[in-house]
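Written below as structure tokens is the structure these notes are about.
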Amino acid sequence: MNDLIPLVNKLQDVFNTIGSDQIDLPQIVVVGSQSSGKSSVLETIVQKDFLPRGNGVVTRRPLVLQLVNTHLGLMPPTSNSSDSAVNDAPDRAEFLHLPNKQFFNFEEVRKEIEAETARVAGQNKAISRTPIHLKIFSKNVLNLTLVDLPGVTKIPVGDQPTDIEKQTRNLILDYIIKPNSVILAVSPANVDLANSDSLKLARQVDPESKRTIGVLTKLDLMDAGTNSLDILSGRAYSLKLGFIGVVNRSQADIQSNKPMEEAFKSETEFFQSHPAYRAISHRCGTNFLAKTLNTILMNHIRDKLPDIKAKLNSLIGQTQQELTSYGDPTFTGKAHRGSLILQLLTKFASDFVAAIDGTSAEISTKELCGGARIYYIFNNVFGAALDSVNPCENLSVQDIRTAIRNSTGPRPSLFVPEIAFDLLVKPQIKLLEPPSLRCVELAYEELVKICHNCGAKDLTRFPRFHAKLIEVVSDLLRERLGPTSDYVESLISIQRSYINTNHPDFIGGGGAMSALERASQKKKRDIEKTRRLSTVNMVLTGSGTDSPGNREENGEKAVTAGMNNLTVHQAVERNDRDREREKLGQNGGIHSASTTSLNGLPNGPNAGGKDTFLNYFFGGPQQRMDRPMPQESSHRAGNIHNVAKEMVMPKTVLDGEPLEFDKKLDYMMETDDSSNPNEREDMETQLIRSLIVSYFNITRKSIQDLVPKAVMHLLVNYSREAVQNRLVATLYKEELFNDLLQEDDNLCAERAKCKAMLDVFKNAFTIINEAM
Ligand SMILES: Nc1nc2c(ncn2[C@@H]2O[C@H](COP(=O)(O)OP(=O)(O)OP(=O)(O)O)[C@@H](O)[C@H]2O)c(=O)[nH]1
């Protein structure tokens, strides 16, 4: 039975070698306020002067003290301990931080504790959480594991931080919160128990007081006539493990170097002779305390051992699993390298494909990933980018008018020629190119991201191999970026190379015309309505002066502004005239088969074919020849016509100097009053605009459809299918194997640590198995 404590000590040693605190081993933790007598209790139990003493804060680091009784023939577990001559061996001490040194002089032990405390916690009063591990072998001690902790302080002194009280409390709580700790709550008897810090702390973590044992110190310092019998008998404060009273050496005793044996005798005398404690003297004193602690600890260990064994078992399983995750180093041997490379490479490729297809096992529910992001790019990002393109972007009224004029060449403009529409719509289609190319780039970037996330878990062990795999796939993707972008670019060029006015969805001249007419009539109705309302208003208010301001209010400005209804009517009239001509066969074969309804929509036998729509409205070359020049056309020619009159004047070239005519022409072209278009020009501009919008929308729709298809085919699917072959062809080469299978240094260290831990757990498991 008494073997249990050495067993725990053994386990503690085993765990200390790897610094593992995963197993909460049974131990006694000494807790109390500063100067309550904690160190004195420990010293009396050990019966040695070995702890630093002094005023104020002395214990500044946790001291884990293992007491090993050599009289019982128990072997100290460390390698440097002597196994022979157990019974007559002198008392000695060993520190964990000095594994090859044994201390026979306990004065040196004290100095070492002081030095080691100062080394970590500094010279002043600061405290540290790092424990000092000390083992004492003696025939006078019982097997115990005790932890001495810094006392609870209230006011910071020296270089202690302002929250020193909180820090010490937290440090103490960290130790006593463990269910396997027995709390040795030290309280001085000369202070009211209600103010005992140790009992307050113990209550927090052990509310039922099942694992708290109370120690009353300084019973000799109580006021005359008072005693602690009530407490020691368990009547004042209930603790399942009870209270034990002790009398340690006073400061004066320490200063006068009162030997331990003498102090021990004085203590026994004190209890036996004290009128209040005489009856319970056999349950008082340091000796009784040590025996009780030993029994409590052993019972505690016995109770906890099955739990510890179960915990060890699960730790072994977990650690084994962790070790497996680091990979088997033997598998990288020559015979297996090829198959390992192939296996990892195939896994990487299938991760890549699975991420694109959305069949990956690690699909996130928090954010879009893999193929879904590519779909999002196509559907949302690219769609929105195309929708945001204005079909008439950068196309001013002036541009449209200039295009119309230019396309008529030297002839006066009769009708808007088809060539002007062609000229104007092509650059607009080009506006679809940047978002389309950006769509390719975004899909490419997404694929690069996907490939970076592939194999992250399987390949942490081989960072070089992982980097190489990413590099090869990135190269493949980069290779595909060029052809895909080129193809998308050519899709736009294809759209620009032929303006198909026969497209079934194209609004056509008729559609545009009737839309304009409808708009114009609505406007007319609105203006009429406004005018009528204003007249009624004027009658009611009596204000009827026809000032320019009033005219504006009456809507006359609106009549002349914007789309002019007269223009539309003139256009319709012209259509009617054309129809008459067609009837008379004056239009020849150009569109003799085509007839139109009054609203301008083709309704003849060829009504479905829109090839003549522009000719119909804007006039083909022959129409222009046939038709009488409308009055407004000659006026509209304006300054240019005036210039034309002067063209009869003979030109003389004078040493490269511009002729007078040229100067005048330049001037007139510059000062051409195009900002004030006439009604017909307005109509032409409006028509061209609606035709551009209609045609642009058709093109936009097909680009929106074709670009994602092209990206999928040329970039995504291509790389998806080629990835495995490319990886094998580039990396499956004997001469690369060594480099690719170069293991990560950190991982090797982690594996070694994990392996050591597993050995420790297995070792501890065997120790417990043998003991039980
Ligand atoms: N007379 C008398 N003095 C005691 C007794 N116990 C402790 N002392 C004295 O009280 C002072 C503090 O004792 P320590 O054992 O250093 O107290 P501690 O709780 O370890 O102090 P810290 O580690 O600094 O928190 C010393 O001077 C001891 O000699 C006792 O039972 N009787």
Side-chain angles (χ1 to χ4, degrees), residues 325 343-389 431-460 463 465-492 697 699-728 730-731:
S325 76
Q343 180 199 328
L344 291 170
L345 183 151
T346 309
K347 179 76 179 42
F348 186 88
S350 61
D351 272 9
F352 183 70
V353 172
I356 293 174
D357 294 348
T359 53
S360 170
E362 283 150 33
I363 279 191
S364 165
T365 51
K366 303 277 174 240
E367 54 172 6
L368 283 182
C369 61
R373 289 179 68 94
I374 296 178
Y375 172 78
Y376 183 82
I377 290 167
F378 289 159
N379 201 42
N380 298 47
V381 181
F382 179 51
L386 284 188
D387 286 347
S388 71
V389 179
L431 294 175
L432 297 171
E433 195 176 87
S436 303
L437 289 175
R438 185 73 194 123
C439 174
V440 179
E441 273 170 27
L442 285 175
Y444 161 78
E445 283 164 16
E446 213 47 59
L447 288 172
V448 172
K449 254 190 237 166
I450 289 175
C451 111
H452 271 87
N453 290 334
C454 287
K457 240 169 84 186
D458 312 284
L459 286 153
T460 35
F465 190 18
H466 193 199
K468 210 74 196 158
L469 287 165
I470 292 173
E471 192 186 307
V472 174
V473 180
S474 300
D475 283 350
L476 171 70
L477 294 173
R478 209 172 310 117
E479 273 172 34
R480 298 308 303 160
L481 180 63
T484 315
S485 299
D486 290 350
Y487 185 83
V488 165
E489 230 174 75
S490 73
L491 276 180
I492 308 287
N697 284 342
T699 317
R700 168 156 52 195
K701 225 174 177 177
S702 68
I703 287 297
Q704 191 163 2
D705 178 52
L706 288 172
V707 168
K709 285 176 179 168
V711 173
M712 279 312 285
H713 178 63
L714 297 168
L715 181 66
V716 181
N717 290 347
Y718 187 99
S719 354
R720 188 184 166 284
E721 274 147 36
V723 68
Q724 166 93 12
N725 283 347
R726 175 63 69 92
L727 288 174
V728 173
T730 326
L731 299 176

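Positions are given from 1, in the same order as the sequence printed here.
Under the side chain to side chain contact (heavy atoms under 4.5 Å, CB included) criterion, Leu481 pairs with Val440, Tyr444, Ser485, not counting sequence neighbours. Asn380 pairs by the side chain to side chain contact (heavy atoms under 4.5 Å, CB included) definition with Tyr376, not counting sequence neighbours.
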(request) Check the pair Ile356 / Leu447 against side-chain contact (heavy atoms from CB on, under 4.5 Å), numbers first and verdict last. (result) CA-CA 8 Å; Ile356 293 174; Leu447 288 172; 3.7 Å; yes
(request) Determine, step by step, whether Arg720 and Asn717 satisfy the side-chain contact (heavy atoms from CB on, under 4.5 Å) criterion, reporting the C-alpha distance in whole Å, the side-chain angles of both residues, the deciding distance to 0.1 Å, and the verdict. (result) CA-CA 5 Å; Arg720 188 184 166 284; Asn717 290 347; 4.3 Å; yes
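Residues Gln704 and Gly383 share a closest heavy-atom pair of NE2-CA, 3.4 Å. Closest heavy-atom contact between Phe382 and Cys439: CD1-CB, 3.6 Å.
When side chains are defined from C-beta on, Lys709 does not count as touching Met712, because their heavy atoms never get closer than 4.5 Å.
Using a 3.5 Å distance cut-off with no hydrogens or angles, the side chains of Asn697 and Arg700 do pair a donor with an acceptor.
For the pair His466 (side chain) and Cys454 (backbone), a donor-acceptor distance under 3.5 Å is present.
Atom CG of Leu706 is separated from atom OG1 of Thr699 by 11.0 Å, given to the nearest 0.5 angstrom. To the nearest 0.5 Å, atoms CG (Leu469) and CZ (Phe352) are separated by 12.0 Å.
In summary, Arg438 and Glu445 engage in a salt bridge, as defined by a charged side-chain N under 4.0 Å from a carboxylate O.
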